[in-house]
Amino acid sequence: MSVENDSSQVQGLDAASGYQRFPVAPGYSLNVRSGPGTNYSIVDVLPVGAIVSVRCQCPGTTVSGPYGTTNLWDCIGNGEFVSDAYVKTGSDGYVAPRCG
């Protein structure tokens, strides 16, 4: 998982991995789950101000957050998913390839 804590919260490309980077909603820590849904176990918690690298995206449990209500989940590492409702991608749709 590639996670950074960056007060500038600027979208960009992670030079090391080639994945796009996006900020988590300001003021939120975010549960990282083992799959694309709230029924999956929590494997980590991202700190306030985290920036994530999105590898791929897939549908899962519908979640409401600061960026709307969506069933889209972002894979940020091997077996590590966060709801797109808490990630500022600038889009209501896919911004990365579909997982799988």
Side-chain angles (χ1 to χ4, degrees):
M1 165 177 49
S2 180
V3 177
E4 295 178 28
N5 203 354
D6 181 348
S7 60
S8 66
Q9 299 187 355
V10 175
Q11 172 184 334
L13 192 65
D14 185 340
S17 68
Y19 299 118
Q20 288 190 82
R21 298 171 23 165
F22 302 96
V24 171
Y28 288 88
S29 58
L30 184 59
N31 290 333
V32 179
R33 300 202 175 254
S34 62
T38 55
N39 57 319
Y40 289 89
S41 62
I42 296 171
V43 296
D44 199 2
V45 178
L46 302 180
V48 171
I51 304 261
V52 296
S53 293
V54 177
R55 294 178 173 197
C56 61
Q57 297 175 294
C58 61
T61 304
T62 298
V63 172
S64 292
Y67 299 120
T69 300
T70 184
N71 72 338
L72 195 57
W73 286 73
D74 304 332
C75 177
I76 61 169
N78 190 20
E80 298 175 325
F81 293 83
V82 295
S83 172
D84 194 62
Y86 288 86
V87 180
K88 187 176 183 180
T89 62
S91 172
D92 289 336
Y94 287 85
V95 297
R98 291 181 185 246
C99 300

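When reading the values below, keep in mind they use all heavy atoms of this one structure, side chains included, and skip hydrogens, waters and symmetry mates.
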Where [X] and [Y] come nearest, the two heavy atoms and their spacing:
{"X": "S53", "Y": "Y19", "result": "CB-CB, 4.0 Å"}
{"X": "Q57", "Y": "A96", "result": "OE1-N, 3.1 Å"}
{"X": "S64", "Y": "A85", "result": "C-CB, 4.2 Å"}

Q: Would you please name every residue forming a side-chain hydrogen bond (donor to acceptor under 3.5 Å, both in side chains) with S34, sequence neighbours left out?
A: S41
Q. Can you list the residues that meet the side-chain hydrogen bond (donor to acceptor under 3.5 Å, both in side chains) rule with T61, with sequence neighbours excluded?
A. none
Atom [atom1] in [X], atom [atom2] in [Y]: separation rounded to 0.5 Å?
{"X": "N39", "Y": "R33", "atom1": "CG", "atom2": "CZ", "answer": "8.0 Å"}
{"X": "L46", "Y": "E80", "atom1": "CG", "atom2": "CD", "answer": "8.5 Å"}
{"X": "N71", "Y": "S83", "atom1": "CG", "atom2": "OG", "answer": "9.0 Å"}
{"X": "D84", "Y": "S91", "atom1": "CG", "atom2": "OG", "answer": "7.5 Å"}
{"X": "D44", "Y": "S29", "atom1": "CG", "atom2": "OG", "answer": "10.5 Å"}
{"X": "I51", "Y": "K88", "atom1": "CD1", "atom2": "NZ", "answer": "10.5 Å"}

**Q.** Worked check of side-chain contact (heavy atoms from CB on, under 4.5 Å) between V24 and V52
**A.** CA-CA 7 Å; V24 171; V52 296; 4.1 Å; yes
Q: Among F22, Y28, Y67, W73, find the one that has a side chain to side chain contact (heavy atoms under 4.5 Å, CB included) with V87.
A: F22
Q) When you look at C58 and C99, which way does the disulfide bond (SG atoms under 2.5 Å apart) test go after all the steps? A) CA-CA 6 Å; C58 61; C99 300; 4.2 Å; no
Q. Is there side-chain contact between T62 and T70, with at least one heavy-atom pair below 4.5 Å?
A. no
Q) Transitively linked via ILVMFWY side-chain contacts under 4.5 Å: Y86 with L72? A) no
Q | Within one Ile-Leu-Val-Met-Phe-Trp-Tyr cluster: L30 and Y40, side-chain cutoff 4.5 Å | A | no
Q: Please confirm whether R98 makes a cation-pi placement over Y94, using NZ or CZ under 6.0 Å from the six-membered ring centre and within 45° of the ring normal.
A: yes
Q. When you look at I42 and V32, which way does the side-chain contact (heavy atoms from CB on, under 4.5 Å) test go after all the steps?
A. CA-CA 6 Å; I42 296 171; V32 179; 5.9 Å; no
